[in-house]
There are 2 protein chains.
Amino acid sequence: MNLALDEAGPAEHAHTTAWIASVLRARIAAGQLTPGSKLSEQSLSAALGVSRNTLRQAFTTLAGESIVTRIPNRGVFVASPGVEEVREIYRIRRTIEPSAVLWSEPSAKDLDAMEAIVRRAQAARDAGAVVEMADANQAFHEAVVGLTRSDSLRELMERVLAEMRLVFHAMASAPDFHAHYVDRNAQLVKRLRAGENEKAAAELRGYLDAAEAELLGHLTGEAS
Amino acid sequence: MNLALDEAGPAEHAHTTAWIASVLRARIAAGQLTPGSKLSEQSLSAALGVSRNTLRQAFTTLAGESIVTRIPNRGVFVASPGVEEVREIYRIRRTIEPSAVLWSEPSAKDLDAMEAIVRRAQAARDAGAVVEMADANQAFHEAVVGLTRSDSLRELMERVLAEMRLVFHAMASAPDFHAHYVDRNAQLVKRLRAGENEKAAAELRGYLDAAEAELLGHLTGEAS
DNA sequence: AATTCGAGGATTGTTCAACAATGCATGGGT
DNA sequence: ACCCATGCATTGTTGAACAATCCTCGAATT
């Protein structure tokens with residue numbers, strides 16, 4: 001637990017609070033801080049070389065992003081999403097993503113970018129690079145939401161995908177979950193290029209339903 | 001500026017930080033703290049009877065909700081949304097709201113609740129109660145998003161509507177902006193009751209486009 | 001007179017040390 | 001074995017201090 005990564009070196013940073021928050025964000029995303037583990041104020045403030053007070057402020061930020069859960073007088077824990085959280089994640093995605101493809105007018109540049117991402121995912125899959133494939137897949141869905149041109153929705157989607165990563169970290173086995181969906185992404189881009197937005201949206205909804213069902217199966221069926 | 005609402009009384013509250021955040025949220029929503037005004041740490045901490053440190057933590061929370069803008073080494077200010085923010089607001093609404101009506105299956109209870117809200121808005125309009133009409137109108141759109149059953153989206157919509165309220169506060173004249181849309185809400189409920197979700201979604205999109213255009217007209221045309 | 005420059009003051013950002021409040025664990029009593 | 005009380009560790013909040021930055025205001029220069 002006590003990963004003594006002594007970065008004792010007095011850091012060079014603009015705003016300590018934001019910097020600490022980003023450090024924690026990165027470590028959680030990287031899986032160094034596993035879901036459910038407690039983040040002690042005393043230990044962490046010492047390990048990071050910052051005051052307990054600024055650390056608490058960083059906690060406030062991360063709690064606002066629901067990357068971390070704060071239990072009063074108990075402490076903060078890295079979020080460990082369960083069945084209900086997964087359902088919520090897909091409620092969000094089913095609302096936003098199909099809407100993005102249905103009512104947006106993707107530019108040629110958008111479509112090219114999405115196709116590039118798809119190819120990256122296919123290459124990673126064929127090479128057996130699971131993490132890279134997962135990254136590419138998430139990048140694809142970020143691109144989908146990006147069609148709305150809304151930074152807020154992009155941020156929301158980033159948060160949702162970060163939570164998805166936590167789900168995967170919580171599952172002991174990280175199977176090739178994304179493999180089934182790479183080709184569907186390719187199909188989606190094709191549909192958009194043909195201007196068949198309605199079909200694209202409908203297929204995407206089915207896609208999301210299937211992914212949710214599969215994830216829930218993994219979570220409930222073969223829980224640890 | 002110095003609204004000396006001395007609530008000096010040592011407050012009875014569970015968690016001071018959250019309490020302070022909610023107090024500020026309420027005062028901003030009520031228009032006591034106008035958009036653009038600076039929130040001095042020294043003054044506010046004294047006025048609210050809390051430490052400067054906990055006040056800063058509350059600021060962090062509110063900044064995360066983008067109710068407040070933090071400028072490094074300058075201070076925090078009540079957010080004052082302009083043209084670009086309004087565009088962003090409607091990008092979000094155009095993505096989420098039509099999606100909610102198009103792909104949800106509203107229960108009879110949902111529809112009854114929405115109809116009740118519409119009637120409240122109509123009554124307020126006929127009585128000339130502008131604020132109540134505005135409140136009812138916002139409640140209606142919250143209900144629309146509520147059809148997704150997603151708490152996160154509900155929260156996002158709450159934040160967006162709070163920002164809308166700031167826009168109205170920033171406009172010196174708060175005309176009967178919502179009046180034009182009350183009947184459209186009624187129509188929307190009718191469509192949903194008839195199961196014509198597609199038409200409902202299409203009409204809602206037109207609705208939102210018109211509202212955005214009108215708002216932008218007010219903001220650019222007759223700026224202060 | 002207008003502009004540039006610099007000293008001073010005020011405000012924010014961060015740290016530290018302390019205390020109150022709460023929760024958890026340990027141990028004693030029944 | 002169960003229940004309750006005491007003590008300990010952790011979180012929540014406070015106040016004061018200091019560094020860093022920005023703003024203001026006045027003086028010197030062109």
Side-chain angles (χ1 to χ4, degrees), chain A residues 1-4 6-25 28 33 36-64 66-80, chain B residues 1-4 6-25 28 33 36-64 66-80:
Chain A
M1 296 304 152
N2 234 340
L3 38 142
D6 48 1
E7 24 205 326
E12 53 298 328
H13 47 72
H15 301 302
T16 315
T17 293
W19 177 66
I20 291 294
S22 74
V23 167
L24 292 178
R25 224 179 277 121
I28 291 175
L33 265 31
S37 66
K38 179 176 160 80
L39 302 179
S40 158
E41 297 187 354
Q42 194 168 320
S43 317
L44 259 189
S45 62
L48 296 172
V50 299
S51 156
R52 197 163 72 93
N53 230 326
T54 55
L55 178 63
R56 284 176 62 76
Q57 223 173 312
F59 279 168
T60 304
T61 299
L62 297 179
S66 63
I67 288 174
V68 122
T69 303
R70 198 166 218 165
I71 304 180
N73 293 315
R74 290 280 311 272
V76 313
F77 306 80
V78 353
S80 97
Chain B
M1 295 306 150
N2 235 341
L3 37 142
D6 47 2
E7 25 204 327
E12 52 301 324
H13 46 70
H15 301 302
T16 316
T17 294
W19 177 66
I20 291 293
S22 74
V23 168
L24 292 178
R25 225 180 276 121
I28 292 174
L33 264 32
S37 67
K38 179 176 161 75
L39 302 181
S40 158
E41 296 187 355
Q42 194 168 316
S43 318
L44 258 189
S45 63
L48 296 173
V50 298
S51 155
R52 197 163 71 91
N53 230 324
T54 57
L55 177 63
R56 284 176 61 77
Q57 223 173 310
F59 280 167
T60 303
T61 300
L62 297 179
S66 63
I67 288 175
V68 121
T69 303
R70 200 166 216 165
I71 305 180
N73 292 317
R74 292 281 311 272
V76 313
F77 305 80
V78 178
S80 99

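To find a chain, count down the sequence lines: A is the first, B the second, and so on, and within it residues start at 1.
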**Nearest to side-chain heavy atoms of B:H15, which nucleotide of C:dT12, C:dT15, D:dT13** = D:dT13
**Request:** Please examine the side chains of B:T17 and B:L55, heavy atoms only from C-beta on, and report whether any two atoms are closer than 4.5 Å.
**Result:** no
**Request:** Return the value, rounded to whole Å, for the distance between atom NZ of A:K38 and atom C1' of C:dC24.
**Result:** 11 Å
**Item:** From C:dT15, C:dT14, D:dT11, nucleotide with atom closest to B:R56 side chain
**Value:** C:dT14
**Asked** Would you find a donor on one side and an acceptor on the other, under 3.5 Å apart, between the side chain of B:T60 and the backbone of B:R56?
**Response** yes
**Request:** Let me know the distance between CH2 of B:W19 and C1' of D:dT13, rounded to the nearest Å.
**Result:** 13 Å
**Asked** Rounded to whole angstroms, how far apart are CD on B:Q57 and P on C:dT12?
**Response** 17 Å
**Side chain B:T54, main chain B:V50, donor-acceptor under 3.5 Å** = no
**Prompt:** Are any non-hydrogen side-chain atoms of B:V68 and B:F77 less than 4.5 angstrom apart?
**Reply:** no
**Request:** Measure from CD on A:E41 to P on D:dA9 and round the result to the nearest Å.
**Result:** 16 Å
**Asked** Side-chain N or O of B:T54 less than 4.0 angstrom from OP1 or OP2 on D:dT14?
**Response** yes
**Complete:** Under a 4.0 Å heavy-atom cutoff, the residues of residues 71-80 of chain A touching DNA chain C are A:N73, A:R74
**Request:** Please confirm whether the backbone N or O of B:E41 pairs with a side-chain atom of B:S45, one donor and one acceptor, at under 3.5 Å?
**Result:** yes
**Complete:** In whole angstroms, the gap separating P of D:dT10 from CZ of A:R70 amounts to 17 Å
**Message:** For a quick test of reading the model: is some side-chain N or O of B:T16 closer than 4.0 Å to OP1 or OP2 of D:dT13?
**Reply:** yes
**Prompt:** Among pairs that include at least one residue of residues 69-78 of chain B, which meet salt bridge (Lys or Arg N to Asp or Glu O under 4.0 Å), considering only residues two or more places apart or in two chains?
**Reply:** none
**Message:** Test side-chain contact (heavy atoms from CB on, under 4.5 Å) on B:W19 and B:L48; report intermediate values, then the result.
**Reply:** CA-CA 11 Å; B:W19 177 66; B:L48 296 173; 5.9 Å; no
**Message:** I need the CD1-P distance between B:I20 and D:dT13, as an integer number of Å.
**Reply:** 10 Å
**Item:** Residue-phosphate contact under 4.0 Å: B:T17 side-chain N/O, D:dT13 OP1/OP2
**Value:** yes
**Request:** Give the rounded distance in Å between these two atoms: CZ of B:R52 and C1' of D:dA17.
**Result:** 10 Å
**Asked** Does the side chain of A:S40 get closer than 4.0 angstrom to OP1 or OP2 of D:dT10 through an N or O atom?
**Response** no
**Fill in**
Here the distance between atom P of C:dA10 and atom CD of B:Q42, to the nearest Å, is 10 Å
